[in-house]
Amino acid sequence: MSLTNPVPDLEAGIQYWATQPANYDGVLGGFGTGSLPRVDSLGSRRFLLDLLPELSTVPSPFQSLSGPPSKTQRVRALDVGAGVGRVTSDVLLHLVSDVVLLEPVEPFINEARSRGKASESGSEINDSGYRVLWKGIADRSKSVTFFKGALQSFDPIAPGTPLDRVGYLPQDGDDETETGFDVIWCQWCLGHLKDDDLAQFLQRSKKALRDTRSLIVVKENICGEQNEPLTVFDEQDSTFHSVYLAFKIFSGCWSQIIQEKFNTGFPKAVSCKKCTYALREA
(Lines give C-alpha, C1' and ligand atoms only; values in the text may rest on other atoms or scores of the structure.)
Protein backbone atom coordinates (compact mmCIF):
# COMPACT_ATOMS: atom_id res chain seq x y z
CA MET A 1 0.00 0.00 0.00
CA SER A 2 1.39 3.42 -0.97
CA LEU A 3 1.80 5.79 1.96
CA THR A 4 1.21 8.76 -0.36
CA ASN A 5 -1.89 7.31 -1.96
CA PRO A 6 -3.36 4.80 0.52
CA VAL A 7 -6.26 2.53 -0.38
CA PRO A 8 -8.30 0.18 1.82
CA ASP A 9 -6.88 -3.32 2.20
CA LEU A 10 -9.57 -5.96 2.73
CA GLU A 11 -7.41 -8.47 4.57
CA ALA A 12 -5.83 -5.80 6.79
CA GLY A 13 -9.28 -4.56 7.75
CA ILE A 14 -10.54 -8.06 8.54
CA GLN A 15 -7.42 -8.81 10.58
CA TYR A 16 -7.88 -5.63 12.61
CA TRP A 17 -11.55 -6.28 13.40
CA ALA A 18 -10.84 -9.92 14.25
CA THR A 19 -8.76 -8.65 17.19
CA GLN A 20 -11.68 -6.67 18.62
CA PRO A 21 -14.18 -8.14 21.10
CA ALA A 22 -17.17 -9.78 19.42
CA ASN A 23 -19.72 -7.63 21.24
CA TYR A 24 -21.25 -4.15 21.08
CA ASP A 25 -18.21 -2.61 22.74
CA GLY A 26 -15.94 -4.13 20.11
CA VAL A 27 -17.92 -3.07 17.05
CA LEU A 28 -18.57 0.42 18.46
CA GLY A 29 -15.00 1.24 19.40
CA GLY A 30 -15.49 1.04 23.15
CA PHE A 31 -18.87 2.81 23.26
CA GLY A 32 -21.05 -0.30 23.44
CA THR A 33 -22.05 -0.04 27.10
CA GLY A 34 -23.14 3.60 27.20
CA SER A 35 -25.90 5.57 25.51
CA LEU A 36 -24.56 5.27 21.96
CA PRO A 37 -26.22 1.94 20.95
CA ARG A 38 -29.69 3.10 22.00
CA VAL A 39 -29.31 6.62 20.55
CA ASP A 40 -28.02 5.21 17.29
CA SER A 41 -30.69 2.52 16.90
CA LEU A 42 -33.61 4.80 17.76
CA GLY A 43 -32.33 7.43 15.35
CA SER A 44 -32.02 4.82 12.61
CA ARG A 45 -35.57 3.57 13.15
CA ARG A 46 -36.92 7.12 13.05
CA PHE A 47 -34.97 7.85 9.86
CA LEU A 48 -36.40 4.77 8.15
CA LEU A 49 -39.95 5.42 9.33
CA ASP A 50 -39.79 8.96 7.97
CA LEU A 51 -39.23 7.50 4.51
CA LEU A 52 -41.29 4.29 4.75
CA PRO A 53 -44.04 5.06 7.28
CA GLU A 54 -45.93 1.94 6.22
CA LEU A 55 -43.33 -0.05 8.17
CA SER A 56 -44.73 1.25 11.44
CA THR A 57 -46.43 -1.55 13.37
CA VAL A 58 -48.42 0.82 15.59
CA PRO A 59 -50.57 3.89 14.80
CA SER A 60 -48.04 6.58 14.04
CA PRO A 61 -48.05 10.30 13.19
CA PHE A 62 -45.61 9.42 10.40
CA GLN A 63 -48.28 7.46 8.54
CA SER A 64 -50.19 9.42 5.92
CA LEU A 65 -53.88 8.74 5.42
CA SER A 66 -53.40 9.26 1.70
CA GLY A 67 -50.08 7.43 1.47
CA PRO A 68 -49.38 4.09 -0.20
CA PRO A 69 -51.14 1.06 1.26
CA SER A 70 -49.27 -1.30 3.52
CA LYS A 71 -47.45 -4.05 1.68
CA THR A 72 -49.02 -7.48 1.80
CA GLN A 73 -45.72 -9.18 0.91
CA ARG A 74 -43.02 -9.72 3.48
CA VAL A 75 -40.62 -6.81 3.79
CA ARG A 76 -36.98 -7.77 3.22
CA ALA A 77 -33.80 -5.98 4.33
CA LEU A 78 -30.10 -6.58 3.73
CA ASP A 79 -27.68 -5.63 6.53
CA VAL A 80 -24.09 -5.52 5.21
CA GLY A 81 -20.96 -5.28 7.33
CA ALA A 82 -23.33 -6.31 10.08
CA GLY A 83 -20.85 -7.13 12.83
CA VAL A 84 -22.52 -9.04 15.67
CA GLY A 85 -26.00 -8.23 14.37
CA ARG A 86 -26.59 -5.00 16.29
CA VAL A 87 -28.44 -3.17 13.48
CA THR A 88 -30.35 -6.32 12.53
CA SER A 89 -31.64 -6.83 16.07
CA ASP A 90 -32.02 -3.23 17.27
CA VAL A 91 -33.26 -1.56 14.08
CA LEU A 92 -34.36 -3.78 11.21
CA LEU A 93 -36.23 -6.59 13.00
CA HIS A 94 -38.45 -3.96 14.63
CA LEU A 95 -39.61 -2.81 11.18
CA VAL A 96 -39.19 -5.56 8.56
CA SER A 97 -40.06 -9.23 8.17
CA ASP A 98 -36.83 -10.82 6.98
CA VAL A 99 -33.18 -9.78 7.21
CA VAL A 100 -30.20 -11.07 5.27
CA LEU A 101 -27.08 -10.44 7.37
CA LEU A 102 -23.62 -10.23 5.78
CA GLU A 103 -20.36 -10.06 7.77
CA PRO A 104 -16.77 -11.04 6.77
CA VAL A 105 -15.12 -11.20 10.22
CA GLU A 106 -15.40 -14.74 11.60
CA PRO A 107 -15.72 -13.93 15.34
CA PHE A 108 -18.43 -11.37 14.53
CA ILE A 109 -20.53 -13.57 12.25
CA ASN A 110 -20.21 -16.43 14.74
CA GLU A 111 -21.47 -14.17 17.52
CA ALA A 112 -24.34 -12.87 15.38
CA ARG A 113 -25.33 -16.44 14.59
CA SER A 114 -25.12 -17.38 18.28
CA ARG A 115 -27.43 -14.50 19.19
CA GLY A 116 -29.88 -15.50 16.50
CA LYS A 117 -29.90 -19.16 17.54
CA ALA A 118 -30.39 -18.22 21.19
CA SER A 119 -33.30 -15.98 20.23
CA GLU A 120 -34.86 -18.77 18.19
CA SER A 121 -34.74 -21.10 21.18
CA GLY A 122 -36.34 -18.47 23.39
CA SER A 123 -33.22 -17.98 25.49
CA GLU A 124 -32.52 -14.52 26.88
CA ILE A 125 -28.78 -15.23 27.22
CA ASN A 126 -26.61 -16.62 24.42
CA ASP A 127 -23.50 -18.81 24.68
CA SER A 128 -21.28 -15.74 25.08
CA GLY A 129 -23.30 -14.56 28.06
CA TYR A 130 -24.99 -11.60 26.36
CA ARG A 131 -28.64 -10.75 26.77
CA VAL A 132 -30.50 -11.33 23.50
CA LEU A 133 -34.07 -11.63 22.35
CA TRP A 134 -34.35 -10.78 18.68
CA LYS A 135 -37.86 -9.64 17.79
CA GLY A 136 -40.00 -12.16 15.92
CA ILE A 137 -37.44 -14.97 15.90
CA ALA A 138 -38.73 -17.18 18.73
CA ASP A 139 -42.29 -17.17 17.33
CA ARG A 140 -41.03 -17.64 13.75
CA SER A 141 -42.83 -14.54 12.48
CA LYS A 142 -39.54 -12.99 11.28
CA SER A 143 -36.26 -14.41 10.02
CA VAL A 144 -32.54 -13.71 9.79
CA THR A 145 -30.33 -15.43 7.22
CA PHE A 146 -26.57 -15.36 7.83
CA PHE A 147 -23.85 -15.04 5.20
CA LYS A 148 -20.10 -14.82 5.76
CA GLY A 149 -18.43 -12.69 3.12
CA ALA A 150 -17.12 -9.30 2.06
CA LEU A 151 -18.88 -6.55 0.13
CA GLN A 152 -16.27 -6.70 -2.63
CA SER A 153 -17.63 -10.02 -3.90
CA PHE A 154 -21.18 -10.16 -2.52
CA ASP A 155 -24.09 -10.07 -4.97
CA PRO A 156 -27.42 -9.32 -3.24
CA ILE A 157 -29.34 -11.00 -6.07
CA ALA A 158 -27.28 -14.20 -6.01
CA PRO A 159 -25.85 -14.44 -2.49
CA GLY A 160 -24.92 -18.11 -2.60
CA THR A 161 -25.31 -20.62 0.23
CA PRO A 162 -26.02 -19.19 3.70
CA LEU A 163 -24.33 -20.23 6.91
CA ASP A 164 -27.62 -20.50 8.72
CA ARG A 165 -31.13 -19.16 9.08
CA VAL A 166 -33.26 -18.58 12.17
CA GLY A 167 -36.97 -17.87 12.58
CA TYR A 168 -39.51 -17.93 9.76
CA LEU A 169 -39.07 -20.38 6.89
CA PRO A 170 -40.67 -19.80 3.47
CA GLN A 171 -43.23 -22.27 2.20
CA ASP A 172 -42.09 -25.09 -0.07
CA GLY A 173 -41.37 -23.75 -3.54
CA ASP A 174 -41.45 -20.13 -2.39
CA ASP A 175 -38.05 -18.82 -3.51
CA GLU A 176 -37.57 -15.41 -1.94
CA THR A 177 -33.95 -14.93 -3.01
CA GLU A 178 -34.94 -13.35 -6.31
CA THR A 179 -37.61 -11.01 -4.96
CA GLY A 180 -35.18 -8.23 -4.09
CA PHE A 181 -34.89 -6.01 -1.03
CA ASP A 182 -36.97 -3.14 0.30
CA VAL A 183 -34.04 -1.80 2.35
CA ILE A 184 -30.29 -2.28 1.97
CA TRP A 185 -28.55 -0.99 5.10
CA CYS A 186 -24.85 -0.06 4.99
CA GLN A 187 -23.52 1.25 8.30
CA TRP A 188 -19.89 2.14 9.00
CA CYS A 189 -18.55 -0.34 6.45
CA LEU A 190 -18.30 1.28 2.99
CA GLY A 191 -14.99 2.90 3.93
CA HIS A 192 -13.43 -0.54 3.58
CA LEU A 193 -14.03 -0.44 -0.19
CA LYS A 194 -11.83 0.99 -2.91
CA ASP A 195 -13.63 3.38 -5.26
CA ASP A 196 -14.16 0.77 -7.99
CA ASP A 197 -15.35 -1.83 -5.49
CA LEU A 198 -17.76 0.67 -3.95
CA ALA A 199 -19.21 1.66 -7.32
CA GLN A 200 -19.67 -1.99 -8.30
CA PHE A 201 -21.28 -2.91 -4.99
CA LEU A 202 -23.71 0.00 -5.27
CA GLN A 203 -24.60 -1.01 -8.81
CA ARG A 204 -25.28 -4.59 -7.70
CA SER A 205 -27.33 -3.26 -4.80
CA LYS A 206 -29.36 -1.01 -7.05
CA LYS A 207 -30.32 -4.01 -9.19
CA ALA A 208 -31.43 -5.84 -6.04
CA LEU A 209 -33.94 -3.16 -4.95
CA ARG A 210 -37.49 -4.44 -5.12
CA ASP A 211 -39.34 -1.40 -6.47
CA THR A 212 -39.26 2.39 -6.82
CA ARG A 213 -39.82 2.95 -3.08
CA SER A 214 -36.96 0.69 -2.02
CA LEU A 215 -33.94 2.32 -0.40
CA ILE A 216 -30.24 2.03 0.14
CA VAL A 217 -29.40 3.57 3.52
CA VAL A 218 -25.81 4.60 4.20
CA LYS A 219 -24.61 5.70 7.63
CA GLU A 220 -21.01 6.88 7.72
CA ASN A 221 -18.45 8.76 9.78
CA ILE A 222 -17.97 12.26 8.42
CA CYS A 223 -14.58 13.62 9.45
CA GLY A 224 -13.24 17.06 8.59
CA GLU A 225 -14.88 20.17 7.19
CA GLN A 226 -17.69 20.37 4.66
CA ASN A 227 -16.09 22.70 2.10
CA GLU A 228 -13.53 20.41 0.46
CA PRO A 229 -14.07 17.06 -1.33
CA LEU A 230 -11.41 15.17 0.65
CA THR A 231 -11.15 11.83 2.41
CA VAL A 232 -9.27 10.80 5.53
CA PHE A 233 -7.52 7.41 5.64
CA ASP A 234 -7.46 5.47 8.91
CA GLU A 235 -4.41 3.22 8.94
CA GLN A 236 -5.62 1.37 12.03
CA ASP A 237 -8.48 -0.45 10.30
CA SER A 238 -7.53 0.40 6.68
CA THR A 239 -10.62 2.49 5.88
CA PHE A 240 -11.55 5.81 4.36
CA HIS A 241 -13.66 8.35 6.23
CA SER A 242 -15.32 10.74 3.81
CA VAL A 243 -16.01 14.37 4.48
CA TYR A 244 -19.56 15.42 3.73
CA LEU A 245 -19.13 16.91 0.28
CA ALA A 246 -16.98 14.08 -1.12
CA PHE A 247 -19.47 11.41 -0.09
CA LYS A 248 -22.41 13.44 -1.38
CA ILE A 249 -20.80 14.01 -4.77
CA PHE A 250 -19.79 10.36 -5.16
CA SER A 251 -23.23 9.08 -4.16
CA GLY A 252 -24.93 11.52 -6.51
CA CYS A 253 -23.12 10.10 -9.54
CA TRP A 254 -25.27 6.98 -9.55
CA SER A 255 -28.38 7.70 -7.54
CA GLN A 256 -30.51 10.34 -5.89
CA ILE A 257 -30.01 11.30 -2.26
CA ILE A 258 -33.59 11.71 -1.10
CA GLN A 259 -32.79 12.40 2.55
CA GLU A 260 -29.71 13.12 4.63
CA LYS A 261 -29.41 13.76 8.32
CA PHE A 262 -26.57 14.54 10.69
CA ASN A 263 -27.05 12.36 13.74
CA THR A 264 -27.10 13.95 17.19
CA GLY A 265 -27.03 12.72 20.77
CA PHE A 266 -23.77 10.80 20.58
CA PRO A 267 -21.23 11.02 23.44
CA LYS A 268 -18.88 13.99 23.23
CA ALA A 269 -15.92 11.62 23.05
CA VAL A 270 -17.09 10.48 19.59
CA SER A 271 -14.93 12.68 17.39
CA CYS A 272 -16.34 12.17 13.89
CA LYS A 273 -19.80 13.34 12.90
CA LYS A 274 -22.31 10.70 11.89
CA CYS A 275 -24.51 11.21 8.84
CA THR A 276 -27.23 9.00 7.40
CA TYR A 277 -28.18 9.10 3.71
CA ALA A 278 -31.12 7.50 1.93
CA LEU A 279 -30.52 6.71 -1.75
CA ARG A 280 -32.94 5.87 -4.53
CA GLU A 281 -32.32 5.44 -8.22
CA ALA A 282 -32.59 8.79 -9.94
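In this text, all values refer to a predicted model and were calculated from it rather than measured experimentally. Count residues from 1 along the sequence.
A donor-acceptor pair under 3.5 Å links the side-chain atoms of R204 to the main chain of F154, judged by distance alone. Judged purely by atom type and a 3.5 angstrom limit, D90 has no side-chain atom pairing as donor or acceptor with the backbone of S41. S56 places no side-chain N or O within 3.5 Å of a backbone atom of P53 that could act as its donor or acceptor partner. With hydrogens and angles disregarded, no donor-acceptor distance shorter than 3.5 Å links the side chain of E103 to the backbone of V84. Using modelled atom types, no side-chain atom of N110 and backbone atom of R113 make a donor-acceptor pair closer than 3.5 Å. Under a 3.5 Å cut-off, the side chain of S214 and the backbone N or O of L209 do not form any donor-acceptor pair.
Judged as a side chain to side chain donor-acceptor pair (under 3.5 Å), and not counting sequence neighbours, the contacts of Q187 are D40, W185. Considering only residues two or more places apart in sequence or on other chains, D98 meets the side chain to side chain donor-acceptor pair (under 3.5 Å) condition with R74, S143. The side chain to side chain donor-acceptor pair (under 3.5 Å) test applied to S119 returns no partner, not counting sequence neighbours. Residues satisfying the side chain to side chain donor-acceptor pair (under 3.5 Å) test with S141, not counting sequence neighbours, are D139.
In the model, T212 has no side-chain atom that pairs as donor or acceptor with a side-chain atom of R280 under 3.5 Å.
R140 CZ: more than 12 foreign heavy atoms inside a 6.0 Å radius. The environment of CD in Q259 is crowded: more than 12 heavy-atom neighbours from other residues, nucleotides or ligands sit within 6.0 Å. Within 6.0 Å of the CG atom in D127, the count of heavy atoms belonging to other residues, nucleotides or ligands does not exceed 12.
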Derivation and outcome, side chain to side chain contact (heavy atoms under 4.5 Å, CB included), residues L190 and E220: CA-CA 8 Å; L190 297 187; E220 279 296 333; 3.5 Å; yes
Side chain to side chain contact (heavy atoms under 4.5 Å, CB included) between L92 and V87, intermediate numbers included: CA-CA 6 Å; L92 297 174; V87 170; 4.1 Å; yes
Audit row: L163, I109, side chain to side chain contact (heavy atoms under 4.5 Å, CB included) steps and yes/no: CA-CA 9 Å; L163 283 177; I109 189 66; 3.7 Å; yes
Residues S89, R115; criterion side chain to side chain contact (heavy atoms under 4.5 Å, CB included); working and verdict: CA-CA 9 Å; S89 64; R115 294 181 181 214; over 6 Å; no
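Minimum interatomic distance between L193 and L151 (heavy atoms only, all atoms of both residues): CD2-CB, 3.9 Å. Nearest heavy-atom pair across A112 and G83 is CB-O, 3.9 Å. Residues P107 and A22 come closest through the heavy atom pair O-CB, 3.6 Å. Closest approach of S121 to S123, counting heavy atoms only: OG-OG, 3.0 Å. When all heavy atoms of L102 and G149 are compared, the closest pair comes out as CD1-O, 3.5 Å. Closest of all the heavy-atom pairs between H192 and G13 is CE1-CA, 4.1 Å.
Sequence neighbours left out, the pairs with a member in residues 128-137 that pass side chain to side chain donor-acceptor pair (under 3.5 Å) are N23-Y130, E111-S128, E124-R131. Residue pairs meeting the salt bridge (charged side-chain N to carboxylate O under 4.0 Å, His left out) criterion with at least one member in residues 14-30: none, sequence neighbours excluded.
Between the CG atom of L95 and the CZ atom of R45 there is a distance of 7.0 Å, given to the nearest 0.5 Å. Between the NZ atom in K148 and the OG1 atom in T161 there is a gap of 14.5 Å [rounded to 0.5 Å]. One distance of note links CG of L215 with CD1 of I184; it measures 10.0 Å at 0.5 Å rounding. The distance from atom CG of D182 to atom CG of D211, rounded to the nearest 0.5 Å, is 6.5 Å. The CG atom of D79 sits 3.5 Å away from the OG1 atom of T88 when rounded to the nearest 0.5 Å. Taken from CG in L49 to NE2 in H94, the straight-line distance is 11.5 Å, to the nearest 0.5 Å.
Using a 4.5 Å heavy-atom cutoff, the side chains of Q15 and T19 are not in contact. At a threshold of 4.5 Å between non-hydrogen side-chain atoms, the residues Y168 and K142 do not count as touching. Within the 4.5 Å cutoff, the side chain of I216 has heavy atoms near those of the C186 side chain. The shortest side-chain heavy-atom distance between F146 and V100 does not fall under the 4.5 Å cut-off. Between L93 and I137, some side-chain heavy-atom pair lies under the 4.5 Å cut-off. Between P170 and R165, the closest side-chain pair of non-hydrogen atoms falls below 4.5 Å. Contact check for I258 versus L51: side-chain heavy atoms found under the 4.5 Å cut-off. By the 4.5 Å heavy-atom criterion applied to side chains, Q152 and K194 are not counted as neighbours.
With hydrophobic clusters built from ILVMFWY side chains whose heavy atoms lie under 4.5 angstrom apart, L10 shares a cluster with W188. A continuous path of Ile, Leu, Val, Met, Phe, Trp and Tyr side chains, each step under 4.5 Å between heavy atoms, connects Y16 with L28, placing both in one hydrophobic cluster. Linking Ile, Leu, Val, Met, Phe, Trp and Tyr residues whenever their side-chain heavy atoms come within less than 4.5 Å leaves L42 and F47 in two separate clusters. Put simply, L133 and V144 are part of two different groups of oily side chains (I, L, V, M, F, W, Y) that touch within less than 4.5 Å, one to the next.
Taking the ring axis of F181 as reference, the NZ or CZ atom of R76 stays within 45° of it and closer than 6.0 Å to the ring centre.
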